[in-house]
Structure formats: C-alpha cells, structure tokens
Visitor: 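Handing you this structure, nothing more for now.
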Amino acid sequence: MLKVRSATTKDVKDIRHLVDTFAPDRRLLSKATVTLFEDVPEFLVIEENNKVIGAGAVHVMWEDLAEVRTIAILPQFQRKGYGSRLLEALLVRAKELGVRRVFCLTFETEFFKSHGFEEIQGTPVESSVYQQLLESYDVGIAEFLDLDKVKPNTLGNTRMIKIL
C-alpha cells in the first residue's frame, strides 16, 4: 500500500540513505545528518508497504515563495508514478503554508515541466526581497539567487518555478 506522510525523526536514516544514493552523481546535494534532523518538519516521505521509498521537502524562502528540495525515489521504485505523487503532495503542502510560487533546481527538467514548472532566468523577486534573502545562510536560497559561491553546486542544473 502506497502512503505519503509527514516525516519523523525515525525517517532520517532513510532520508540519509536517499541523499547518499544520489549525492555522488550530484543529483542531490549532500547534507549533514544534523541538517536532515533540523529539516524533519519540512519533509514528506512516501512509503510502500511501510518501507520508505522516497522523500522530499518544502522549504519556505519568503512570504510567497518556497523551494521543493531533496526529492528522491529509490532507483528500483522510479518510473512508477511515485515521484509524481510525492511532488503533488509537496505542492499541496506549499499551498497550505501560504506560498503561491514554488522553485526547484533540477536536472530532471522534463519531470518538473510535466508538473507545470517553467524554466527561469534571473531571480524572480523584487530587489528589496533579494536583499533580505542575501542574509540567509541556507544554501538553497543562495542557489535560488544564483550567487557565485554556489556555482559549483548548480552547474548543469536548471532553475524552474511554478505558480500555484
């Protein structure tokens, strides 16, 4: 039975495994385990028969803007619609949080296009918001702003956004 639910601290070992599976080929950024624990409230997991097979997070960046991040499905469960189901649940979560735009940085452009995301150039925020976002220590926000310090993380990735 397939189920999407909020992550708990007990899921961090499975999320860690997903990150470690996809970080070597840069499909996901590696993250410290402590960061995964700190981010548990942002994560949803998808289970099949009570086994975590995927995860993803919604990270609020600003009043009307969030990022979907760390989305991954174990390789043996890919191409079965599980990623779509997880992404749709993350978009529902984003709406519930009150955002109306969702950003992603991805190599999987066709997948995100099929869910209504469009490629973007530049940073789609006002200059006053941009200045506020510069104060964040979050790597994802630096990637959204396309700052030079994260260029090695973003090489080859496409910046995409969806209006909810």
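The structure presented is a predicted model; accordingly, all values stated were derived computationally and were not measured. Atoms considered below: every heavy atom in the structure, side chains included; atoms not considered: hydrogens, waters and symmetry mates. Sequential numbering from 1 along the given sequence is applied to the chain's residues.
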Visitor: Do Val102 and Leu164 come close enough that some side-chain heavy atom pair is under 4.5 Å?
Guide: yes
Visitor: How far apart are the closest heavy atoms of Arg16 and Ala32, and which atoms are they?
Guide: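 Here Arg16 and Ala32 meet closest at NH1-C, 3.6 Å.
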Visitor: If only atom types and distance count, is the side chain of Asp39 paired as donor or acceptor with the main-chain N or O of Leu36 below 3.5 Å?
Guide: no
Visitor: Using side-chain heavy atoms (C-beta onward) and a distance below 4.5 Å, is Leu2 in contact with Ile53?
Guide: yes
Visitor: Whether the side chain of Asp64 engages the backbone of Arg100 through a donor-acceptor N/O pair (distance < 3.5 Å, no angle test) should be reported.
Guide: no
Visitor: Which value, rounded to the nearest 0.5 Å, describes the distance between Phe112 atom CZ and Lys162 atom NZ?
Guide: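 NZ of Lys162 is found 11.0 Å from CZ of Phe112.
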Visitor: As a quick check of understanding, evaluate side-chain contact (heavy atoms from CB on, under 4.5 Å) for Val68 and Phe117, giving each step before the final call.
Guide: CA-CA 11 Å; Val68 288; Phe117 283 76; 4.2 Å; yes
Visitor: Are Thr158 and Leu105 close enough that some pair of their side-chain heavy atoms sits under 4.5 Å apart?
Guide: no
Visitor: Are any of the side-chain heavy atoms of Ile15 and Phe37 separated by less than 4.5 Å?
Guide: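 No; the side chains remain at least 4.5 Å from each other.
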Visitor: Which atom pairs, one a donor and one an acceptor, fall under 3.5 Å between side chains of residues 84-94 and the rest of the protein, sequence neighbours left out?
Guide:
{"residue": "Ser84", "atom": "OG", "partner": "His115", "partner atom": "NE2", "Å": "3.0"}
{"residue": "Glu88", "atom": "OE2", "partner": "His115", "partner atom": "ND1", "Å": "2.8"}
{"residue": "Arg93", "atom": "NH1", "partner": "Pro41", "partner atom": "O", "Å": "3.2"}
{"residue": "Arg93", "atom": "NH2", "partner": "Ser6", "partner atom": "OG", "Å": "2.9"}

Visitor: Show, in sequence, the C-alpha distance, side-chain angles and deciding distance for Val52 and Ile46, and conclude whether the side-chain contact (heavy atoms from CB on, under 4.5 Å) test is met.
Guide: CA-CA 6 Å; Val52 173; Ile46 186 165; over 6 Å; no
Visitor: With a 4.5 Å limit on heavy-atom distance, are the side chains of Glu38 and Val34 in contact?
Guide: yes
Visitor: Flag the pair Phe107 / Arg26 as yes when at least one side-chain heavy-atom distance between them is below 4.5 Å, and no otherwise.
Guide: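 Counting from C-beta outward, Phe107 and Arg26 do come under 4.5 Å.
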Visitor: Decide if atom NZ of Lys95 counts as having more than 12 heavy atoms of other residues, nucleotides or ligands within a radius under 6.0 Å.
Guide: no
Visitor: Would the distance check show the side chain of Thr35 and the main-chain N or O of Lys31 forming a donor-acceptor pair, the cut-off being under 3.5 Å?
Guide: no
Visitor: Which value, rounded to the nearest 0.5 Å, describes the distance between Asp20 atom CG and Leu18 atom CG?
Guide: 9.0 Å
Visitor: Roughly how far, to the nearest 0.5 Å, is NZ of Lys3 from CG of Asn50?
Guide: 7.0 Å
Visitor: For a quick test of reading the model, state the closest non-hydrogen atom pair linking Asn49 to Met1 and the distance between them.
Guide: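 In terms of heavy atoms, the two residues are closest at OD1-N, 2.5 Å.
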Visitor: Could you walk me through whether Glu47 and Arg5 pass the salt bridge (charged side-chain N to carboxylate O under 4.0 Å, His left out) check?
Guide: CA-CA 8 Å; Glu47 298 178 323; Arg5 62 169 175 78; 2.9 Å; yes
Visitor: Can you give each donor-acceptor pair under 3.5 Å made by side-chain atoms of residues 72-82, sequence neighbours left out, with the distance rounded to 0.1 Å?
Guide:
{"residue": "Gln78", "atom": "NE2", "partner": "Ile73", "partner atom": "O", "Å": "2.8"}
{"residue": "Tyr82", "atom": "OH", "partner": "Glu48", "partner atom": "OE2", "Å": "2.5"}

Visitor: Would Thr106 and Met160 count as a side-chain contact (heavy atoms from CB on, under 4.5 Å) if you check the C-alpha gap in whole Å, the side-chain angles of each, and the deciding distance to 0.1 Å?
Guide: CA-CA 8 Å; Thr106 186; Met160 302 181 82; 3.7 Å; yes
Visitor: Nearest 0.5 Å please: distance from the CZ atom of Arg159 over to the CD atom of Glu119.
Guide: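 Rounded to the nearest 0.5 Å, the CZ-CD separation comes out at 11.0 Å.
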Visitor: Once rounded to the nearest 0.5 Å, what's the spacing between atom CD of Glu108 and atom CG of Asn157?
Guide: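 So the CD of Glu108 and the CG of Asn157 are separated by 10.0 Å.
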Visitor: Start with the C-alpha gap between Glu67 and His59, add the side-chain angles, then the distance that decides, and say whether side-chain hydrogen bond (donor to acceptor under 3.5 Å, both in side chains) holds.
Guide: CA-CA 5 Å; Glu67 178 186 11; His59 179 77; over 6 Å; no
Visitor: Could you go through the side-chain contact (heavy atoms from CB on, under 4.5 Å) check for Val99 and Leu65 one step at a time?
Guide: CA-CA 5 Å; Val99 299; Leu65 180 67; 5.7 Å; no
Visitor: Is the shortest heavy-atom distance from the side chain of Val58 to the side chain of Leu97 under 4.5 Å?
Guide: yes
Visitor: At what distance, to the nearest 0.5 angstrom, does CD1 of Ile71 lie from CZ of Phe43?
Guide: 9.5 Å
